[in-house]
Peer 1: 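What follows is a single structure, and I will ask about it in a moment.
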Amino acid sequence: MEENFLSNLNEDQKKAVISTDGPNLIVAGAGSGKTRVLTTKLAYLIKNKKAWPNQILCVTFTNKAAREMQNRVMNFFKGAKNSVSWLGTFHSISVKFLRRHAEALGFKSNFTILDTDDQKKLIKKVIEGENLDAKKYSPQLILAIIDKWKNKGQLPNDVKGKFDPIEKIVHKIYKIYQQKIKDLNCMDFGDLILYSVQLFEKNSDIRQIYQKNFKYILVDEFQDTNFIQNKWLNLLVNEKNNICCVGDDDQSIYSWRGAEIKNFLTFDKLYKDCKIFKLQQNYRSTKNILDTASILISNNKSRIGKKLLSKKNDGELVKLNCYQTGRDEAEGVSDIIENNLQKKFSLNDITILVRAIYQTREFEERFLKIGLGYRIIGGMRFYERAEIKDLVAYLRVISQKTDDLALERVIGVPKKGIGESTLNQIYTFSNKEKLCLEDAIAKMIREGLFKPKIKIALEKLINSLNKWREDSKKIKHYDLIKTIIDESGYSQMLKNKKDIENENRLENIKELIRAMHDYENLQSFLEHVSLATSIDQNWEGDKINLMTMHAAKGLEFEVVFLPGWEEGLFPHQKSLEEKGDFALEEERRLAYVGITRAKQEAFISFAMRRVYHGDWVDALPSRFVGELPEKNIEKNESQNFKDDTDFDFNQDIQIEFDDEYRSPGWERFKRKNKLIK
DNA sequence: AATGCAGCCATTTTT
DNA sequence: TGGCTGCATT
């Protein structure tokens with residue numbers, strides 16, 4: 001059995017697996033089998049009776065990764081009944097803690113998790129309540145600052161230091177906002193981690209229970225943890241310091257979300273007797289692909305530095321294609337797929353990775369036109385669609401009466417003849433009486449504060465909600481939703497609409513009902529709704545994948561297309577403006593992540609002109625293009641221009657020879673192609 | 001209160 | 001380009 005476990009591993013991997021006790025840091029390059037190591041370690045701990053499955057805390061970056069790991073471990077132990085119960089993302093594990101111990105923090109166990117949309121709406125309400133200019137203080141901006149504080153583990157009373165005028169206001173809003181969501185018995189994403197930390201800090205008895213229980217802690221993608229997540233981990237590590245973190249500094253791409261690479265780089269300072277393992281054998285990509293990625297990333301100054309060795313053959317050269325326009329690029333990519341790739345690969349093996357999600361649109365249009373199947377991972381997510389949010393809002397209020405945000409949506413759809421003014425009255429009343437919206441409405445009805453028409457509408461709604469709550473005790477949640485769709489007038493509303501989108505809406509609702517079957521009860525379904533990540537959507541059928549490079553982290557594909565390598569788009573201008581050289585290096589890491597997703601073939605491309613904001617914009621090749629190693633690359637720019645008689649290449653260069661737009665990559669690109677001396 | 005239209009703005013990445 | 005806000009109309 002033990003042979004079975006370890007025989008698939010190389011020497012370095014084996015060492016990392018069997019070093020179970022004390023702090024361990026595994027520095028694992030792209031494609032070096034870090035997930036395999038982590039999974040094997042998990043199984044190894046169980047097999048050797050070092051711990052029971054429920055005594056291991058294992059944190060992954062996405063739910064998908066958690067699920068895969070769960071499956072793999074179960075495969076090790078065929079017929080085992082115990083799954084690894086504490087395996088999940090920081091957020092999903094936190095929810096588990098918080099549901100159990102909500103009272104200790106003054107919450108009720110059935111709290112609702114707010115999404116970004118809810119957060120913004122709530123902040124907007126606070127801004128309006130404070131009579132502030134919503135233009136100057138956009139919810140977006142305020143939320144970003146609040147999130148930053150939360151990522152650092154600071155609740156309103158902990159935030160200190162010198163405030164600039166804006167931060168002063170934001171702090172005030174933060175205070176009110178935080179109180180409000182607590183009153184609503186809701187938590188946002190940041191709260192899940194933050195309150196877990198607070199739970200353990202304030203209740204050492206509770207902390208000790210878990211600390212004792214978790215004999216081992218395993219952490220994946222450690223390079224992308226932020227301050228508060230690191231603290232969360234440190235609070236749970238037992239006195240033997242049995243914590244094993246896996247990561248790759250070259251794949252740290254989430255600093256904008258508060259991730260601190262410092263956690264990774266100073267791990268051995270925090271845990272003095274830490275053992276460090278390096279995995280440097282790449283089993284994923286061909287030599288050409290790996291060399292391309294390695295040379296590119298070597299332009300970064302701040303990195304631990306490691307040399308990845310490919311276990312594969314040279315493979316195809318990495319193709320570098322230059323197109324005239326964004327549309328040509330989409331056409332070119334689809335041509336390559338149709339003419340060359342479809343013979344060798346299934347569509348599922350082919351993925352297009354973009355910097356920003358809106359870039360998928362051009363490809364979408366093309367694939368629709370020629371009838372190639374595709375799926376977009378991320379973007380407008382399933383649970384962000386209006387009809388889905390509507391129905392989920394009904395479920396939320398039923399599950400928790402105090403969810404005012406959901407009730408407000410419910411009041412709005414289908415239309416009940418209740419508008420802003422009535423809503424404002426209700427809000428005023430609920431503030432005064434310190435009641436949630438629903439209770440406020442009920443009381444206002446009793447006191448006869450509504451006009452007859454409105455009273456009838458609201459009375460009907462309240463009665464329905466109560467009925468559905470009763471129903472929910474008797475019938476399955478996936479039947480409950482059907483009742484709601486029917487009795488709320490939602491289905492009638494859809495029937496009355498006659499636009500093209502309607503079919504899609506009905507499809508989505510069917511899919512919602514189907515998805516509900518996968519969950520035991522209403523609450524666990526609602527939890528899934530708020531914590532599902534973009535890559536948690538369905539991967540069924542044989543289709544080309546479209547997603548951002550961020551979303552592709554941890555995944556691998558036979559063929560990868562990397563379009564849009566243009567200055568301003570990639571590296572993205574906004575990131576450079578914000579954080580300069582630091583951001584540039586992160587963009588480069590993103591490029592590294594992108595290239596290293598490919599197993600057999602990689603196609604990098606850029607366009608000379610592109611439609612942006614509705615009009616044509618000239619583009620320059622990304623500086624990263626100039627950093628690609630000549631010997632591993634096959635360039636296909638020339639024939640594009642040869643075929644095109646309208647295009648005066650020299651003239652275009654002159655136009656673009658503004659200092660402002662000059663990028664190092666472009667200079668080098670031209671030199672290589674003998675466009676300049 | 002609901003609908004419709006004009007003009008505005010924006011597009012980085014997400015648990 | 002297109003989605004969203006705000007204003008005017010019904």
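Remember, it's a predicted structure, so these values are computed and weren't measured experimentally. Each chain gets a letter, A, B and so on, in the order its sequence line appears, and its residues count up from 1.
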Peer 1: Of all the nucleotides listed (dT15(B), dT14(B), dT13(B)), which has the minimum atom distance to the side chain of R355(A)?
Peer 2: dT13(B)
Peer 1: Heavy-atom distance under 4.5 Å between the side chains of F90(A) and L233(A), does that happen here?
Peer 2: yes
Peer 1: Going by purine N1 to pyrimidine N3 plus the second Watson-Crick contact, or the G-U wobble pair, all under 3.5 Å, which nucleotide sits opposite dT12(B)?
Peer 2: none
Peer 1: Of the nucleotides dT12(B), dT15(B), dT14(B), which one has an atom closest to the side chain of H91(A)?
Peer 2: dT15(B)
Peer 1: Are a donor atom and an acceptor atom from the side chains of S421(A) and N424(A) found within less than 3.5 Å of each other?
Peer 2: no
Peer 1: Have E586(A) and S575(A) got a donor and an acceptor in their side chains that come within less than 3.5 Å?
Peer 2: no
Peer 1: Could you pick out which residue, E587(A) or G419(A), lies toward the 5' side of DNA chain B when each is mapped onto its nearest nucleotide?
Peer 2: G419(A)
Peer 1: Mind checking I253(A) for me? I need base, sugar-phosphate or nothing, with any heavy atom below 4.0 Å counting as a touch.
Peer 2: nothing
Peer 1: Rounded off to whole Å, could you give me the CD-to-P distance for the Q359(A) and dT1(C) pair?
Peer 2: 19 Å
Peer 1: For S421(A), report the nucleic acid contact type (base, sugar-phosphate, nothing); a contact means any heavy atom under 4.0 Å.
Peer 2: sugar-phosphate
Peer 1: Are W256(A) and the base of dT13(B) stacked, counting only ring centres nearer than 5.5 Å and planes tilted under 30°?
Peer 2: yes
Peer 1: Base, sugar-phosphate or nothing for Y254(A)? Non-hydrogen atoms, less than 4.0 Å.
Peer 2: sugar-phosphate
Peer 1: Nearest-Å distance, CD (Q229(A)) to P (dT14(B))?
Peer 2: 16 Å
Peer 1: Looking at K182(A), Q178(A), Q198(A), which hits side chain to side chain donor-acceptor pair (under 3.5 Å) with D191(A)?
Peer 2: Q178(A)
Peer 1: For I113(A) and dT15(B), what is the distance between atoms CD1 and P respectively, to the nearest whole Å?
Peer 2: 14 Å
Peer 1: Within this structure, what is the CG-to-P distance between L141(A) and dT12(B), rounded to whole angstrom?
Peer 2: 14 Å
Peer 1: Confirm from the modelled atom types if R257(A) and dT13(B) form a donor-acceptor pair under 3.5 Å, side chain to base only.
Peer 2: no
Peer 1: Look at the side-chain N and O atoms of T422(A) and state whether any lies under 4.0 Å from the OP1 or OP2 oxygen of dA1(B).
Peer 2: yes
Peer 1: Compare the minimum distances between each of dG3(C), dT15(B), dT13(B) and the side chain of R361(A), then state the nucleotide with the smallest one.
Peer 2: dG3(C)
Peer 1: Ignoring the backbone of K415(A), work out which of dA2(B), dT15(B), dT13(B) is nearest its side chain.
Peer 2: dA2(B)
Peer 1: At 4.0 Å (heavy atoms only), tell me whether T548(A) reaches a base, stays on the sugar-phosphate, or touches nothing.
Peer 2: sugar-phosphate
Peer 1: Taking atom CD of Q140(A) as the centre, does the number of heavy atoms from other residues, nucleotides or ligands within less than 6.0 Å exceed 12?
Peer 2: no
Peer 1: Between dT13(B) and dC4(C), how far apart are the two C1' atoms, rounded to whole Å?
Peer 2: 22 Å
